[in-house]
2 protein chains.
Amino acid sequence: MPVCAPQMRSKLARCAYKLFAKKGIRSVNLDEVAAAAGVTKGSFYWHYKSKKELLHAACAYYYRRWQQRARAEIARDDDPLKQLERVLRFSVQSCLFDRESRVFTTEVFALSLQDKEIRAGWARFYDTVRELFVGLVQAACDNDQLQVVDPRRAVDWMLATIEGIKQRAAFEPEICTPDQREATVQGLLRIVGLVDAPT
Amino acid sequence: MPVCAPQMRSKLARCAYKLFAKKGIRSVNLDEVAAAAGVTKGSFYWHYKSKKELLHAACAYYYRRWQQRARAEIARDDDPLKQLERVLRFSVQSCLFDRESRVFTTEVFALSLQDKEIRAGWARFYDTVRELFVGLVQAACDNDQLQVVDPRRAVDWMLATIEGIKQRAAFEPEICTPDQREATVQGLLRIVGLVDAPT
DNA sequence: CACGTTCCATACTATCCAGTATGGTAAATG
DNA sequence: CATTTACCATACTGGATAGTATGGAACGTG
């Protein structure tokens, strides 16, 4: 019996992500995905039982890649505040330049409203992202580099702002041009420090 | 020749919005829309030439309603800062409770990525919203109730945060519960005042 | 070498739905 | 009253595509 099945399965997920992120999930059909992976629809169904299962795999691919890249950024520094800045810069960067990521996430958001499982998966991902940022903020506080009363709440606001910029930038690109990247990062840091000030 | 055509045209747009906002644009078919308005698909096509044209009408319906409600809030006060708070409260309120609005806008965002005209229409809407807020912030500044160096930039950040909260709340409802409404409004006001502080 | 298993291809079905073709009815108009 | 026009219904077409039925090749195993 020949081997190597898991390779094709993950290749299909990777190709699916690329196509979904380029053209939108709903306007990509399974023939395209299979063709991109060098097979046909018939064999696609040997690896996945439905398009929805494929979408889950594509999401998982996206999660993993984001976390890998974020961890790589963190590993490049020892200082907690610098680490926080690095991850923020990475997040903003992907918001500014990675059109594919925006297309994919926007489509997933729309599908999430109708599909409980997709929504739950994405919520779990958001949770890990939140905890990652909370950890960094906490560390920066312990290091006397930041003063934040409620890190979790502060991070929630900051993440919301990132998502909002990402989304509004689709309509008003001028609010988020590459040369504003550093100013945006600093603005986000300011939000972390300020949102939970006494009302 | 009988009259009253424009009534059915706008009724179709209204019904389309309701259905789109409940089930998502792409999972609503024209038979449903026509039935909701008390006609059939055949006569639908007498009023609109395509589903896309209907979507534009549904968007226009959404724009108009939002602006009417916002203006109504403003009219209830004379004080610029209070007016700003009112509109913010209305925006947050619709983010907290109006699930339909969230479904509709999320779907429109997804479609915008593939459709230039939809995107352009929404960009125009965002522009009027921005100018409305900028005007209020400016007035509050002139009235010595706020100190903002660059109102347009501050409003951009604040609007981004609203959108981000709206979106993240779909996955993490706890970041945006009704009892946090006032705190959220105050947090947004703080962002207006703080984002353009010197770096 | 027979045989089962893995992996893939071809060809088909079934369904959904946007859009069209066509005809009917009632009111206004000359 | 005849005719036109506005508005609506019924019934159909065409295209796209998710999923299935089926068969075949290659490879390991007894």
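Letters A, B, ... are given to chains in the order of the sequence lines, protein chains preceding strands, and every chain is numbered from 1.
- For Tyr45(B), the side-chain atoms get nearest to dG19(C) when compared with the rest of dG19(D), dG19(C), dC8(C).
- For Phe133(A), there are no ring pair (Phe, Tyr, Trp, His ring centres under 6.0 Å) partners two or more places apart in sequence or in a different chain.
- Heavy-atom contacts from other residues, nucleotides or ligands closer than 6.0 Å to NZ of Lys51(A) number more than 12.
- Aromatic rings of Phe109(A) and Phe109(B) (six-membered ring for Trp) have centroids beyond the 6.0 Å cut-off, not under it.
- Gln93(A) and Asp98(A) form no side-chain donor-acceptor contact under 3.5 Å, judged by distance and modelled atom types alone.
- For dC8(D), one of the phosphate oxygens OP1 or OP2 lies less than 4.0 angstrom from a side-chain nitrogen or oxygen of His47(B).
- Across the protein-nucleic acid pair, Lys11(A) atom NZ and dC7(C) atom C1' stand 14 Å apart, rounded to whole Å.
- Sorted by residue number, the members of residues 30-44 of chain A with any non-hydrogen atom under 4.0 Å from DNA chain D read Leu30(A), Lys41(A).
- We find that CD of Gln7(B) is positioned 10 Å from P of dC8(D), with the value rounded to whole Å.
- Considering only the side chain of Ser50(B), dG19(C) comes nearest among dG19(C), dC8(C), dA18(D).
- Regarding Asn29(B), its CG atom lies at a distance of 7 Å from the C1' atom of dC17(C), rounded to whole Å.
- Ring centers of Trp66(A) and Tyr61(A): at least 6.0 Å apart, outside the cut-off.
- The aromatic rings of Trp122(B) and Tyr126(B) lie perpendicular to each other, with more than 60° between the two planes, well past the 30° mark.
- Looking at residues 104-112 of chain A, you'll see that no heavy atom sits under 4.0 Å from any atom of DNA chain C.
- Residue Val87(B) forms a side chain to side chain contact (heavy atoms under 4.5 Å, CB included) with just one option from Val129(B), Leu136(B), Asp77(B), and that option is Leu136(B).
- The separation between Arg26(A) atom CZ and dC16(C) atom P is 18 Å, rounded to whole Å.
- Ring pair Phe20(A)/Phe104(A) is parallel by interplanar angle, where below 30° counts as parallel and above 60° as perpendicular.
- Considering only the side chain of Trp46(B), dC8(D) comes nearest among dA18(C), dC8(D), dC8(C).
- Atom P of nucleotide dT20(D) and atom NZ of Lys49(A) are separated by 11 Å, given to the nearest angstrom.
- The number of heavy-atom neighbours closer than 6.0 Å to CG of Asp78(B), taken from other residues, nucleotides and ligands shown, is 12 or below.
- Between the NZ atom of Lys51(A) and the P atom of dA18(D) there is a distance of 5 Å, rounded to whole Å.
- Rounded to whole Å, the distance from CG on Leu12(B) to P on dC7(D) is 12 Å.
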